[in-house]
Amino acid sequence: MKKLLLFALILFSISCASAQIAETTVKASQNTAANVWNPQKTWVFFVGLLEWQDKETFASFPHENRRDAVLLDVLRQRGVPENQIVYLKDEKATTSRVQLSFENFLKKPQPGDWIFVYYAGHGYKSEDYKETYMAAYDADEQKTWNVKSVPDTIDKYFKGSNALIMLDNCYSGAMAEAVKSRKSTVSYAVLASSQFNSFSTGNWTFTESLIYAFRGDSFIDDNSDGKINLGELAENSADDMLFAEEQLAEFAFTGNLNKQVIIAENVPKATARVGERVEVFDQGD
């Protein structure tokens, strides 16, 4: 009887140990998945505007050499499937279409998938300065796309757990503030070209920093470990905006999305000094 009891205890111990190993393996796998961006499991929602219906309120930008389309091509080249991309630009990006398309878009990703949300255009504040909006093509007092509505809609419809949000517009840091203060099962990484209370340049400097990082350009790999993470992207974006545009970028990371999340691997080693920033005099300036 004692031998049978001992045998049963041994089997129970082995079973418990096996369960613990399996649980540890699953958790390790989940952590690894959370720490490396997977383009093939990423759904992309892009809104880019260079002109608006109300031309007096929202000045147009030059169409030549637009960089939002270049960034989107980089994501395609990295492996994001075409059927997982929504791109609304200029007159097609009306308020109602953006909002409805965003809801429908968020219903498609499955658990384990990521989303990448990008906006480039004008940002503006309400008269009392309490609300921040992104300007869709037909933006006016009645037709608004509130920054806070983006994480609200994500939390409501998105079945996955990782959301990358990149904004290139005035007051874009309001998105970082919006995700910092919320309790959510979704992990957010927000990179914004300006602080929540500041204007942003009309140049493509911030979007170009995203292109460099997601393309895997070696000079973004600050520690030369062959990988580019969100922290290196954020630091290089901040330096570019500070040195080139004299403005402060703003970032936020929540949940599993932190600065260690890898967005490019097998990055070649940078040529010596490429990527350093310098200040020079040009005609006395």
Side-chain angles (χ1 to χ4, degrees), residues 42-50 52 58 61 66-72 74-75 86-90 93 95 98-99 101-102 105-106 114-126 131-137 139 144-155 158 162-182 186-214 230 233-238 240-242 244-245 247-254 257 263:
T42 298
W43 295 70
V44 172
F45 190 83
F46 256 51
V47 179
L49 291 105
L50 300 180
W52 287 262
F58 304 108
F61 297 115
R66 69 184 301 164
R67 308 302 280 169
D68 54 342
V70 175
L71 175 59
L72 187 54
V74 167
L75 298 181
V86 174
Y87 180 31
L88 302 175
K89 67 177 183 178
D90 301 328
T95 304
V98 167
Q99 292 171 336
S101 297
F102 193 44
F105 164 83
L106 290 171
W114 294 45
I115 55 172
F116 187 119
V117 180
Y118 170 89
Y119 171 79
H122 281 300
Y124 63 103
K125 291 280 190 180
S126 59
E131 300 296 331
T132 307
Y133 306 100
M134 294 170 288
Y137 179 73
T144 59
W145 187 21
N146 196 311
V147 163
K148 293 177 184 176
S149 72
V150 174
D152 285 344
T153 311
I154 291 173
D155 286 348
F158 179 46
N162 293 311
L164 305 174
I165 303 178
M166 315 284 173
L167 303 181
D168 196 351
N169 59 277
C170 295
Y171 311 115
S172 52
M175 186 70 75
E177 299 298 320
V179 303
K180 287 178 188 176
S181 59
R182 68 192 301 111
V186 177
S187 296
Y188 288 94
V190 175
L191 283 80
S193 63
S194 63
Q195 293 193 319
F196 72 96
N197 57 356
S198 301
F199 293 111
S200 186
T201 176
N203 298 323
W204 288 105
T205 307
F206 181 77
T207 294
E208 286 176 340
S209 71
L210 303 180
I211 292 170
Y212 303 148
F214 283 96
L230 287 176
L233 166 56
E235 289 169 11
N236 279 279
S237 296
D240 283 352
M241 298 310 294
L242 181 61
E245 306 294 348
Q247 71 183 57
L248 298 176
E250 186 169 351
F251 314 112
F253 301 93
T254 71
L257 290 183
I263 58 174

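These values consider heavy atoms only, across backbone and side chains, with no hydrogens, waters or symmetry-generated copies. Bear in mind the structure is a predicted one, so any value in this text is a computation, not a measurement.
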Basic-acidic side-chain contact under 4.0 Å: R182, D155:
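Looking at D155 together with R182, the answer is yes, because their closest N to O distance falls below 4.0 Å.
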Interatomic spacing from CD1 in I115 to CD1 in I154 - rounded to 0.5 Å:
4.0 Å
Once ring pair (Phe, Tyr, Trp, His ring centres under 6.0 Å) is applied, do any residues pair with [X], and if so which ones, sequence neighbours excluded?
X: F102; answer: F45
X: Y87; answer: none
X: W204; answer: none
X: Y188; answer: none

Could you name each residue pair satisfying salt bridge (Lys or Arg N to Asp or Glu O under 4.0 Å) that touches [range], not counting sequence neighbours?
range: residues 193-206; result: none
range: residues 188-197; result: none
range: residues 188-198; result: none

In chain order, what residues pass the salt bridge (charged side-chain N to carboxylate O under 4.0 Å, His left out) check against [X], with sequence neighbours excluded?
X: D68; answer: R66
X: E245; answer: none
X: K148; answer: E131
X: K180; answer: E177, E250

Consider ring pair (Phe, Tyr, Trp, His ring centres under 6.0 Å). Of Y119, F58, Y124, which one does Y133 pass it with?
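So the option named by the test is Y124.
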Below 30° counts as parallel, above 60° as perpendicular, anything between as tilted: where do the rings of W52 and H122 land?
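Plane angle between 30° and 60°, so tilted.
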Donor-acceptor pair, side chain of S200 and main chain of Y171, under 3.5 angstrom
no
For A93, side chain to side chain contact (heavy atoms under 4.5 Å, CB included) partners two or more places apart:
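Only V47, L49, L88, V98 meet the side chain to side chain contact (heavy atoms under 4.5 Å, CB included) criterion with A93.
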